[in-house]
Amino acid sequence: MQARRVSYIDEMPDSRGPEDQRSSLRAEHVAQTKAALVSAGRRLFGRAGFAATSVEDVAREAGVTTGALYHHFPTKAALFEAVFELVHLELMAASGEAAARAEGPIDVLALGFEAFLDKVLEPDVERIIVTDAPSVLGPARFTELDERYAFAAIVAALEAAAEAGALRADDPQTLATLLLGMLQRGGVLIASSAEPVATRNAVAATLRAILAGLAGK
């Protein structure tokens, strides 16, 4: 039988004291509970909408008490904000994956925008991002959070396209704000359409035409 090889790390005692260990466990439990609540809110707000989902519904779905929910989120709207940010990160990831397949600087923007439009076709995403978010968060907070995740990425893509000579963008920040506004309104058009797929295609084609115009094509 081979003797067990003992590494330096194996021999090192846990330098954390009992209080540190308890603190670490508490922090882990807090993080897990908060993640469970956001995940539950993501499912329920996406399925039934903000107004039809109660705090008790979310707590039950997450397997915690309402007291635990209020410990992490003072209001249902605060929980919704966390869910909105989670979904926004999902949208940014989808746009990034789509943009990675682009064949040129203009395509980076177009594919990123179209990935967002595709996600709006999903009922839960549409309900959270397009239908409920503006009213639940209020226009100012909605715009602030929306721009926090999307604005910088659009500005960067515009600057890269301009540097490559693919389009003209004398003021990338203003242009990014306008494009982001058009993308938001495109989502509203899709959400309110009787034929959402056809509307998605029309919005995507219009955005590509605008980008082509910026490219002088």
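The pair Arg101-Asp107 does not meet the salt-bridge criterion, since no charged nitrogen lies less than 4.0 angstrom from a carboxylate oxygen.
Smallest separation of non-hydrogen atoms from Pro134 and Ile129: CD-O, 3.9 Å. Across all their heavy atoms, Gly41 and Val83 have their closest contact at C-CG2, 3.8 Å. What you find for Val125 and Lys119 is that their closest heavy atoms are CB-O, 3.3 Å. Taking both residues in full, the closest heavy atoms of Ala150 and Met92 are given as CA-SD, 3.8 Å, listed atom of the first, atom of the second, then distance. Across all their heavy atoms, Asp132 and Phe50 have their closest contact at OD2-N, 2.8 Å. Here the shortest heavy-atom pairing between Leu121 and Val197 reads CD2-N, 4.0 Å.
Side-chain N or O atoms of Arg127 include one that pairs as donor or acceptor with a backbone N or O of Arg47 at under 3.5 Å. Looking only at distances, a side-chain donor or acceptor of Lys76 sits under 3.5 Å from a matching main-chain atom of Thr53. A donor-acceptor pair is defined here as one N or O able to donate and one able to accept, closer than 3.5 Å; no such pair exists between the side chain of Thr199 and the backbone of Ile190.
Using a 4.5 Å cut-off between side-chain heavy atoms of Ile, Leu, Val, Met, Phe, Trp and Tyr, with links allowed through other members, Leu44 and Val64 fall into the same hydrophobic cluster. Criterion: ILVMFWY side-chain heavy atoms under 4.5 Å apart, direct or through other members. Under it, Tyr149 and Leu111 are not part of a common hydrophobic cluster.
Every residue two or more places apart in sequence or in another chain that forms a salt bridge (Lys or Arg N to Asp or Glu O under 4.0 Å) with Arg200 is listed here: Asp118.
Thr143 and Asp146 form no side-chain donor-acceptor contact under 3.5 Å, judged by distance and modelled atom types alone.
Contact of the Val58 side chain with the Leu79 side chain is registered, since non-hydrogen atoms from C-beta on lie closer than 4.5 Å. Side-chain contact between Val30 and His72: present, with at least one pair of heavy atoms (C-beta onward) separated by less than 4.5 Å. Residues Phe80 and Ile128 have side chains in contact (heavy-atom distance under 4.5 Å, counting atoms from C-beta outward). Taking 4.5 Å as the limit, some side-chain heavy atom of Lys34 sits within range of a side-chain heavy atom of Phe73. Side-chain contact check for Leu207 versus Glu114: every heavy-atom pair is 4.5 Å or farther apart. No side-chain heavy atom of Arg148 sits less than 4.5 Å from a side-chain heavy atom of His88. Side-chain contact between Phe113 and Arg208 is absent, with no heavy-atom pair separated by less than 4.5 Å.
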Please assess Arg42 against Asp124 for the test side chain to side chain contact (heavy atoms under 4.5 Å, CB included), listing each intermediate value before the final yes or no. CA-CA 8 Å; Arg42 167 75 170 81; Asp124 57 336; 2.8 Å; yes
Hey, mind stepping through Leu158 and Leu179 against side chain to side chain contact (heavy atoms under 4.5 Å, CB included) and telling me if it holds? CA-CA 10 Å; Leu158 287 170; Leu179 289 171; 4.1 Å; yes
If you apply the rule side chain to side chain contact (heavy atoms under 4.5 Å, CB included), what do you find for Leu180 with Glu147, and how did you get there? CA-CA 8 Å; Leu180 186 56; Glu147 291 188 353; 3.7 Å; yes
Intermediate values then yes/no, salt bridge (Lys or Arg N to Asp or Glu O under 4.0 Å), Arg141 and Glu81: CA-CA 9 Å; Arg141 186 60 173 163; Glu81 181 172 312; 2.5 Å; yes
Please walk me through it: do Ile106 and Leu214 pass side chain to side chain contact (heavy atoms under 4.5 Å, CB included)? CA-CA 9 Å; Ile106 296 294; Leu214 293 170; 6.0 Å; no
Let's go through Phe84 and Phe45 carefully: what are the C-alpha distance in whole Å and the side-chain angles of both, what is the deciding distance for ring-ring contact (aromatic ring centres under 6.0 Å, His included) to 0.1 Å, and is it a yes or a no? CA-CA 10 Å; Phe84 176 84; Phe45 291 145; over 10 Å; no
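The line from CG of Leu211 to CG of Leu109 is 5.5 Å long, rounded to the nearest 0.5 Å. Atoms CG and OG, from Leu86 and Ser39 in turn, are 8.0 Å apart once rounded to the nearest 0.5 Å. One distance of note links CG of Leu117 with OG of Ser95; it measures 9.0 Å at 0.5 Å rounding. Annotation: the span from Leu137 atom CG to Glu85 atom CD amounts to 9.0 Å, rounded to 0.5 Å. Leu91 CG to Glu122 CD: the interatomic distance, rounded to the nearest 0.5 Å, is 8.5 Å. A distance of 11.0 Å separates CG of Asn201 from CD of Glu195, quoted to the nearest 0.5 Å.
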Side-chain donor/acceptor pairs under 3.5 Å, residues 160-172, sequence neighbours excluded:
| unit_1 | atom_1 | unit_2 | atom_2 | d |
| --- | --- | --- | --- | --- |
| Arg168 | NE | Asp170 | OD1 | 3.4 |
| Arg168 | NE | Asp170 | OD2 | 2.7 |
| Arg168 | NH2 | Asp170 | OD2 | 2.8 |
| Asp171 | OD1 | Thr174 | N | 3.3 |
| Asp171 | OD1 | Thr174 | OG1 | 3.4 |
| Asp171 | OD2 | Thr174 | OG1 | 2.7 |

